[in-house]
Structures are given as structure tokens and as C-alpha cells.
Amino acid sequence: MLIDSHCHLDFPDFDEDRGEIIARAVEAGVGRMVTIGTRLSAFPDVLAIARGAAGIDCTLGVHPHHVASEGIVPAAMLIAAADEPEIVGIGETGLDYHYDNSPRDLQRKSFLNHIAAARATGLPLVVHSRDADDDMVDILRTEMGRGRFSGVLHCFSSGRRLAEAAVALGLYLSFSGILTFKKSDALRAIARDLPGNRILVETDAPFLAPVPERGKRNEPAFVRHTAWRLAELRGVAAEEIHRETTANFFRLFEKSFRRAAP
């Protein structure tokens, strides 16, 4: 079994054929998908998708792109809302200094509130980080010192310093189709060297379709291509990566494991 640990099934890209997308993923051996919350104003749609099909979980949070429009959500509000059985994580949250769609000080305030919610609920934090390595390392180290929390740096495409700092703090890294791109040699070297018990795979669909699907709309079924590339890099059989990343996912997303248990 494979797990797509991060996708956006609520996005309008899937409005015409969402059911078919989910069915293709199941047929491809994707046994579980996590559809990610990026805006509280759109969260009812995310939750409805998780409730509408077996094998789909969701998360609750505000993406750094949307902090300016959604506002700073109090940690208490996230904590209270996270009781829904389908919600298995807090986020997506974090820092994006590439686009700066929201002021950086607001991104950081929002991120800290999400960390507090993850710590209080025991749910893993889903972290977005782009062109913000130094601040991300500093925040993660400082906040972990104030009280432990679990989490994953999703769609990891940052540098080795952040990767090693995250692993040292007990966090996970998730790899997307970027791992298969022609110019991703540095990222592939990081993925090759990481401890096997700290890696996940994802699509971030509808974005970042992996080779050989490059240029298409991404979908959860394509996570198998990233898993195959990861196996090749690490010199193991694809089945080993399937087993390892699934075990890692359920270790991190314990609530999903409980939902999946017969």
C-alpha cells in the first residue's frame, strides 16, 4: 500500500471528476489520502470530501499564502475544531518567503498558533517552508524547546541544513514529484541520505506531477512514481519504500491509523 500524505482534493481542478480521481488512486494501490486544509473559510468542503469516501483523512489550518485574507486564527479555535474524527493533522501552515503573499510577520504569528494547537491536540503539524530555511530552523528549534510536538515538512525542497535540523528534532520529511525533476540533484542527495524512518511521499496534487506525468494535472495515483524514484535513489525495492513510508505515515498520523484499523 502507498499513502498520499498531502493532496488538495477540494481544489476546483478536481470538480469535474473527483470521484474518478479517487477511484484511480485506489486502483493504483493508494490506500489512504490526506486532503489538506489551507483556508478555514473553505474547510467545510475539505471535511465533506473526507467524510464522503473511505480512506480519506483531512487536516485543518491556514496556508501562509492565505493568512492576510483569512486572519490570524487563535490556537484555541484550531484546538476546538480539531475534534472531528476526520481531522488527523494541523495545517498546512508555515512560511513562504518566495511569493510573500502574506506579510512575513503575520505568517510567523499564524505559524506559532498552529504549533501551539498541534502541541495541545497531539496532532501532527503539516509544515510548508519555501525560501525560509533560516527562520524555519530557528522557529522549530525554539518551539520544540517550549514543548514537543510532531510534524512533517511537506513537499520538501529546501536545503540540507533544514532537513537535518528537522530530523534531529524528530520531525518527518515528505517528498513530492519534485524529486523526479531534472534539476533536483541536490534534493535527491538529501532524500538518499535521510534515515528511512523519517520519510513520507505525497503528490501535493493538483500541482507538481512527477516524471513521467510531468505537465499533466497531478493526482494521488501518481504518488507511485515518486515512490519508485525514491526506491531507486536509496537502492531498495519499490515494495520496501511502500512498506516503509506507510509505516512512517501511520506512526506520525496516529489518528489516521486508528481510523483505518478494522
Side-chain angles (χ1 to χ4, degrees), residues 5-6 34 36 38 59 61-65 67 89-119 123-181 183-204 207-208 210 226 229-230 233-234 241 244-245 248-249 251-253:
S5 65
H6 192 113
V34 184
I36 302 295
T38 59
T59 67
V62 178
H63 192 289
H65 286 344
V67 174
I90 300 294
E92 156 178 17
T93 182
L95 306 174
D96 193 308
Y97 295 173
H98 181 79
Y99 289 108
D100 277 327
N101 286 346
S102 297
R104 294 183 180 184
D105 63 324
L106 296 186
Q107 291 186 48
R108 289 190 285 268
K109 289 177 182 177
S110 178
F111 188 27
L112 293 176
N113 283 359
H114 283 71
I115 291 173
R119 188 185 289 123
L123 296 177
L125 190 71
V126 178
V127 180
H128 173 106
S129 182
R130 189 168 185 188
D131 292 349
D133 288 23
D134 289 344
D135 279 0
M136 182 59 67
V137 169
D138 289 346
I139 289 173
L140 290 175
R141 285 176 173 167
T142 299
E143 288 301 309
M144 198 67 78
R146 291 173 175 162
R148 295 200 63 80
F149 56 92
S150 63
V152 55
L153 274 65
H154 104 90
C155 193
F156 189 82
S157 58
S158 300
R160 187 173 288 269
R161 177 173 178 259
L162 177 53
E164 292 177 348
V167 169
L169 291 170
L171 302 175
Y172 293 72
L173 275 65
S174 180
F175 293 97
S176 70
I178 295 174
L179 194 70
T180 71
F181 294 178
K183 296 182 179 180
S184 294
D185 288 341
L187 182 64
R188 283 189 281 272
I190 293 170
R192 180 196 63 213
D193 297 340
L194 284 176
N197 64 351
R198 291 291 155 188
I199 53 176
L200 303 177
V201 288
E202 64 171 88
T203 58
D204 205 12
F207 313 113
L208 304 172
T226 300
R229 189 70 175 100
L230 188 58
L233 289 171
R234 296 175 68 85
I241 290 297
E244 193 168 51
T245 56
N248 292 343
F249 173 86
R251 187 183 313 114
L252 177 62
F253 289 92

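Quick note: residue numbers are just sequence positions, from 1. Bear in mind that the values here come from a model prediction, so they are computed numbers and not experimental data.
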Q: Step by step, work out the side-chain contact (heavy atoms from CB on, under 4.5 Å) result for Y172 and N197.
A: CA-CA 8 Å; Y172 293 72; N197 64 351; 6.0 Å; no

Q: Go through the steps for C155 and I178 under the test side-chain contact (heavy atoms from CB on, under 4.5 Å), then give the verdict.
A: CA-CA 8 Å; C155 193; I178 295 174; 3.8 Å; yes

Q) Stepwise, does the salt bridge (Lys or Arg N to Asp or Glu O under 4.0 Å) test hold for D185 with R188? A) CA-CA 5 Å; D185 288 341; R188 283 189 281 272; 2.6 Å; yes

Q: Just do the side-chain contact (heavy atoms from CB on, under 4.5 Å) check on L140 and F111 with the steps written out, would you?
A: CA-CA 10 Å; L140 290 175; F111 188 27; 4.1 Å; yes

Q.
Checking D135 against R104 for the salt bridge (Lys or Arg N to Asp or Glu O under 4.0 Å) test, could you report, in this order, the C-alpha distance in whole Å, the side-chain angles of both residues, the deciding distance, and whether it holds?
A. CA-CA 10 Å; D135 279 0; R104 294 183 180 184; over 6 Å; no

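Atom CG of residue N113 and atom CD1 of residue I90 lie 11.5 Å apart, to the nearest 0.5 angstrom. The CD atom of Q107 lies 6.0 Å from the CG atom of L95; values are rounded to the nearest 0.5 Å. In this structure, CG on L162 lies 9.5 Å from CG on D134, to the nearest 0.5 angstrom. Annotation: the span from R229 atom CZ to S184 atom OG amounts to 9.5 Å, rounded to 0.5 Å. Atom CD of E164 is separated from atom CG of D193 by 8.5 Å, given to the nearest 0.5 angstrom. Between atom CG of residue L252 and atom CG of residue L171 there is a gap of 8.5 Å, rounded to the nearest 0.5 Å.
Looking only at distances, a side-chain donor or acceptor of R119 sits under 3.5 Å from a matching main-chain atom of G147. A donor-acceptor pair is defined here as one N or O able to donate and one able to accept, closer than 3.5 Å; such a pair exists between the side chain of T142 and the backbone of D138. With hydrogens and angles ignored, the 3.5 Å screen pairs a side-chain donor or acceptor of R148 with a backbone N or O of L169. Between the side chain of S176 and the backbone N or O of D204 there is no donor-acceptor pair closer than 3.5 Å. A donor-acceptor pair is defined here as one N or O able to donate and one able to accept, closer than 3.5 Å; no such pair exists between the side chain of T180 and the backbone of T226.
Side chains of F253 and N248 form no contact here, defined as non-hydrogen atoms less than 4.5 Å apart. Annotation: side chain of T59 is in contact with side chain of V34 (closest heavy-atom distance under 4.5 Å). Here the side chains of T93 and V62 are not in contact, with every heavy-atom distance at 4.5 Å or above. Within the 4.5 Å cutoff, side-chain heavy atoms of L208 are placed close to those of F181. Contact check for L179 versus L233: side-chain heavy atoms found under the 4.5 Å cut-off. Looking at heavy atoms from C-beta onward, R234 lies in side-chain contact with I199 at the 4.5 angstrom threshold.
Using modelled atom types, one finds a donor on one side chain and an acceptor on the other under 3.5 Å when comparing S174 with E202.
Applying the ring-ring contact (aromatic ring centres under 6.0 Å, His included) test to Y97 and every residue at least two apart in sequence or in another chain returns nothing. In this structure F149 satisfies the ring-ring contact (aromatic ring centres under 6.0 Å, His included) test with no other residue, sequence neighbours excluded.
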Just distance, no hydrogens or angles: give the donor-acceptor pairs under 3.5 Å from side chains in residues 123-133, sequence neighbours left out.
residue, atom, partner, partner atom, Å
H128, ND1, H63, NE2, 3.4
H128, ND1, E92, OE2, 3.1
H128, NE2, D96, OD2, 2.7
R130, NH2, H98, NE2, 3.4
D131, OD2, H98, ND1, 2.9
D133, OD1, S158, OG, 3.4
D133, OD2, G159, N, 3.0

